[in-house]
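Computed from a predicted model, the values in this text were never measured in an experiment.
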Amino acid sequence: MKINKLSIAVLFLSGSMFYAQETKQDTIIKEKKIDGVVIQGSSNKKTETAVLGEQRKAIIQKQAVSAEEISRKGISNVEQGLTKVTGITTVEGRGLFVRGLEERYNYLLINGLGSPSNNPFQKIIALKQFPTDVVGKLNIYKTFNSNLYGDFAGATFDIETLTIDKPFTKVEFSVGVNTLSTFRNNFKIAEGADGMNGYLGLNSKDRRLPDEIRNSRPDNYKFTPGQSLNSFKDSWNVDNVKSMPNTSIGFTTAQKVKMGDTGNLGILFSLNQGSKFEYKEGDNHQFKGQGQGSFIENMNFLNRKQYNYEIESSVLLGLGYKNKGTNVNLNAIYLQNVNNIIEDNYGYKDGQVLNKTTFFRTNQLDISRFLDLQLTASQKINERHQVKAGASYVINNYQQPDRKIIEGNRIDPTTGTRLSDENIAMRYGGNNIIRQYLDVDSRFYGSAFAEYQLSLGEKGDRKDFPIQIAVGYNGFSDFRKTSYRFIFGRTSTSSAPFVINIDTPQDVFNASLRNGDLYYQEGSDVSQFYSSFYQIINGGYANVNLKPSDSWDILLGARYENDMTLIRYSEQSAENKINLDKNKDFFLPSLSVKKALNNKNNLRFSFSKTVTRPILIETMPITYINPDNVNIVGNPSIKNSENYNFDLKWEYFPTNKEMFAVNLFAKRIDNAIERSLVASGNATGSTITFFNAKKADLFGIELEGIFSLGRISEALRSFTLGANATIMHSDVERSQDQLNMERPDWFALTGETLRKRGLQGASPYTINADLKYELKNRNNLAHTFSLVYNVSGSKIYATGGAGTDNYYEKPFNQIDFVYQGQLTKNWNVKFAVQNILDSKYKILIGDKNYLPTNFEQGNNTLTNYYRGTTFNLTVGYTF
């Protein structure tokens, strides 16, 4: 941990506490009773003040990001919004980390209903796909209550879609440039991907499995010359374009229609579309240990260039009916992400040090489609009785169709000299031409909840009944099938090496297909091409909320959850499928206690037991092949983690816009799931796979403060400082599987033992800070300037093995500047500068290896790259 960064955060927070204690009396609006009339202030639930008030009153530890804060900080998607909350950071391509815990420890709800991931490599939806124009509030539950799903350790996120307070229509247009990616010449993109079909994601149909094998089992089908020429609609060619600015456009309208004397119908429609060019360049290395008396050396030493052209689309249609105690909401949410990727690697792999001119290219399309249909309703029968229920149906699909891999080298086979960058030498045969087809298709996903609430006792002068009881059910069914198939370029003759232009090889391949030098043949393993995943979660729960006085709030919860999981798959070359049944029952108690010391101070305690279910790829029975021979191997036998969670928190609210909090937390995670990176069993390449640890213990402290700098000087009254820090320690006890993998062979002879380590993915610290300056002009139009900083400490990306240390994801310091201005009643503008520091993202092998090292060029990097600084301007018009 870097002490200077931590010290800054502690100073921020300590300062907020000091100045808060010195403040004069706050101006919290209290109820006043005059001659039997109760005068109450009403508040907009979307404002930062209202959200802070809700956090103070809630019995469980619940934080939120309001619609107002989303707008002020120029937040364009849900993922950005959640990173503004204490202890939450985003990690490159791997989702959100809460309290330093990997994304697998989180769970997502949308309007209280369960939501599957639209990507097998992530636990929850990539939340950057979810635009904030339709978000009313982002709720973050960091302590467990029994009405939440038991899959909980980091946090449960609940996205509440926008509620309609008043009719409006809004159009926004955004344009952004990146210092590294925009206006780059020769930006590589798959042929046709930048056309209208590519923009809408329709080019995926040209990349489907050919008709000859699409609906049949693999049988090493050999394509005829005519079929090899005509059955594959997608080209190997790559276009070179100038990367243009990133753009997005959004349209949102909300309208209200009067229904009878007291009812109204709200209609919400939102349409958003955006495109982005992104270029990354950096190291792509791998390491291996050769045993006692040898060195840790490079397995791969590669330079990687990656070109991403990404298009995101979303549509939301919402209908909401309200009439006194009745609320009915119907939502349809559609998300689509299309990412066209060209990745070039140059160097050597598999320890072939003498062949340092190897070149291989991956031409890949990732496309996900997600349609969530939801119906929720609540009815207040009378003051003591209330019911609510909801159901959803999700159509969900993820594909990598026709992922094309081509390999050669940069040496002219005739002269022995180095070829120009656009040319490579190759020959047919081996694995030099591969087409991969991955399809993770949802057969069915349904989620539902129902709850009955009963209030007992007499309120007297209080707002709430002293006893509130809730009983309910929530659950989901998730059925998916996985198809993973391979087609190889084969030759019937001994192929001589030849030179091709790597961007336009299609004509050369076509000529070879016609004359018989090249043909396509399926090479999928007949036993492993197909697998099925079935999961049914049924949960019943009961809560008793006791409020013996105005200062005490006690919530007792009990949840029973049945997990029926079945995985059908085959071992390599096996004749019969394996039915792996993981049926298990969980009893999950919870306790939350809040003591209001006075109207400004709360003391909270919570305890719960929860579970953690793995990400789909962690349990998928496939070996996901990468051309750099770093393959991902799922572990279908992996177990759910069982977690014991403790929190003790003190909160101080000096005013309705300020707060300070200290939270002590601890967790015991039995069967903690961890990522490992080890040498493959076939002596070539590396394998990323997953194991259960025996247990992991974590404890830490969270500090959070929001306070006005007007406490220091009246001249600073327009400035507000928010800062939070999470400091955590973790310790792991390895399982026998992990000991077998991590412990070098010679330890049995020398008696050496493995060093202690922390939990994979757990960060020792996380810091977020936010300095806001707000002013209003003479027309009462607001202008807000925000400077936002966040960083998380060095954490284990993957555990090592066979003598190597662990692999560490290094801190990435990010500073963003955001201006939000209301120019007129109708026009607003946002200007943001993201990643001002332009730090380098890095994963390094640790320096505590069990063998001496002999790295190529002394480079201990696993991977690294810059992201560049992005300047973004958004103009909106509301009418």
Side-chain angles (χ1 to χ4, degrees), residues 118-121 126 129 188-218 221 223-224 226-239 241 271 273-276 307-315 333-343 361-372 394-406 433-445 480-489 505-506 509-510 513 520-522 524 529-530 624:
N118 58 353
N119 187 328
F121 299 93
Q129 297 180 28
K188 299 186 185 302
I189 193 167
E191 191 173 72
D194 57 342
M196 184 54 67
N197 279 350
Y199 190 75
L200 298 176
L202 301 178
N203 58 329
S204 62
K205 69 179 182 180
D206 293 333
R207 302 180 70 143
R208 295 183 297 174
L209 270 170
D211 292 337
E212 290 84 357
I213 63 173
R214 185 179 305 157
N215 297 311
S216 62
R217 294 174 61 85
Y221 184 88
F223 291 80
T224 67
Q227 291 171 338
S228 296
L229 277 168
N230 301 315
S231 296
F232 298 88
K233 307 299 183 184
D234 194 53
S235 171
W236 288 85
N237 289 349
V238 167
D239 290 335
V241 301
L271 176 65
Q273 183 118 27
S275 63
K276 180 175 72 172
Y307 307 82
N308 293 333
Y309 174 55
E310 187 173 19
I311 306 105
E312 293 180 339
S313 309
S314 68
V315 183
I333 303 166
Y334 178 74
L335 305 174
Q336 178 174 285
N337 178 268
V338 180
N339 193 9
N340 296 275
I341 305 168
I342 304 296
E343 182 176 292
R361 168 174 288 177
T362 306
N363 183 334
Q364 177 175 323
L365 172 65
D366 289 5
I367 182 164
S368 65
R369 297 183 175 96
F370 176 91
L371 175 63
D372 190 352
V394 178
I395 300 171
N396 186 29
N397 179 259
Y398 175 87
Q399 292 178 304
Q400 285 182 354
D402 201 4
R403 185 185 188 223
K404 294 182 285 294
I405 301 167
I406 185 172
I433 295 178
I434 304 176
R435 310 180 89 130
Q436 295 180 13
Y437 299 80
L438 174 65
D439 190 347
V440 182
D441 188 33
S442 175
R443 290 178 170 179
F444 173 81
Y445 183 94
R480 305 194 204 193
K481 64 178 181 179
T482 300
S483 174
Y484 192 35
R485 302 178 75 158
F486 297 83
I487 296 174
F488 295 89
Q506 189 65 54
F509 291 169
N510 286 348
L513 291 168
Y520 289 116
Q521 184 173 16
E522 181 166 15
S524 309
F529 83 100
Y530 178 84
Y624 180 78

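- Under 3.5 Å, the side chains of Tyr520 and Glu212 contain no donor-acceptor pair of N or O atoms.
- Applying the side-chain contact (heavy atoms from CB on, under 4.5 Å) rule to Ser314 yields the partners Pro131, Asn272, Leu335; only residues at least two apart in sequence or on another chain are considered.
- Smallest separation of non-hydrogen atoms from Ser204 and Arg369: OG-NH2, 3.3 Å.
- Checked by atom type, the side-chain pair Asn337/Glu312 shows a donor-acceptor distance below 3.5 Å.
- Looking only at distances, no side-chain donor or acceptor of Arg480 sits under 3.5 Å from a matching main-chain atom of Pro120.
- Residues passing the ring-ring contact (aromatic ring centres under 6.0 Å, His included) test with Phe488, sequence neighbours excluded: none.
- Here Ser524 contributes atom OG and Ile487 contributes atom CD1; the two are 7.0 Å apart, rounded to the nearest 0.5 Å.
- In this structure the side chain of Phe223 never reaches within 4.5 angstrom of the side chain of Leu229, judged on heavy atoms.
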Under the criterion side chain to side chain contact (heavy atoms under 4.5 Å, CB included), I'd like the reasoning laid out for Tyr309 against Val241: C-alpha separation, chi angles, the key distance, then a yes or no. CA-CA 11 Å; Tyr309 174 55; Val241 301; over 6 Å; no

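- A donor-acceptor pair under 3.5 Å links the side-chain atoms of Arg214 to the main chain of Leu209, judged by distance alone.
- Asn230 is linked by a side-chain contact (heavy atoms from CB on, under 4.5 Å) to nothing, counting only residues two or more places apart in sequence or in another chain.
- Side-chain atoms of Gln506 come within 3.5 Å of backbone N or O of Trp236 as a donor-acceptor pair.
- Looking at residues two or more places apart in sequence or on another chain, you find a side-chain contact (heavy atoms from CB on, under 4.5 Å) between Ser442 and Asn396, Tyr445.
- Taking the side-chain contact (heavy atoms from CB on, under 4.5 Å) definition, one finds that Leu371 meets it with Tyr334, Leu373, Ile395, sequence neighbours left out.
- The shortest non-hydrogen separation linking Ala193 to Asn340 is CB-OD1, 3.5 Å.
- A donor and an acceptor atom, one from each side chain of Tyr484 and Gln436, are located under 3.5 Å apart.
- The heavy-atom pair separating Ser235 from Asn363 by the smallest distance is O-ND2, 4.4 Å.
- Sorted by first and then second residue, the pairs that involve residues 229-239 and meet salt bridge (charged side-chain N to carboxylate O under 4.0 Å, His left out), not counting sequence neighbours, are Arg207-Asp234, Asp234-Lys404.
- Here the closest heavy-atom approach between residue Phe486 and residue Glu522 is recorded as O-CG, 3.2 Å.
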Please report the C-alpha distance between Phe509 and Ile406 in whole Å, then the side-chain angles of each, then the deciding distance to 0.1 Å, and finally whether the side chain to side chain contact (heavy atoms under 4.5 Å, CB included) criterion is met. CA-CA 12 Å; Phe509 291 169; Ile406 185 172; 3.5 Å; yes

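- Here CG of Asn119 is found 12.5 Å from CD1 of Ile367. Values are rounded to the nearest 0.5 Å.
- A donor-acceptor pair shorter than 3.5 Å can be found between the side chains of Asn397 and Asp439.
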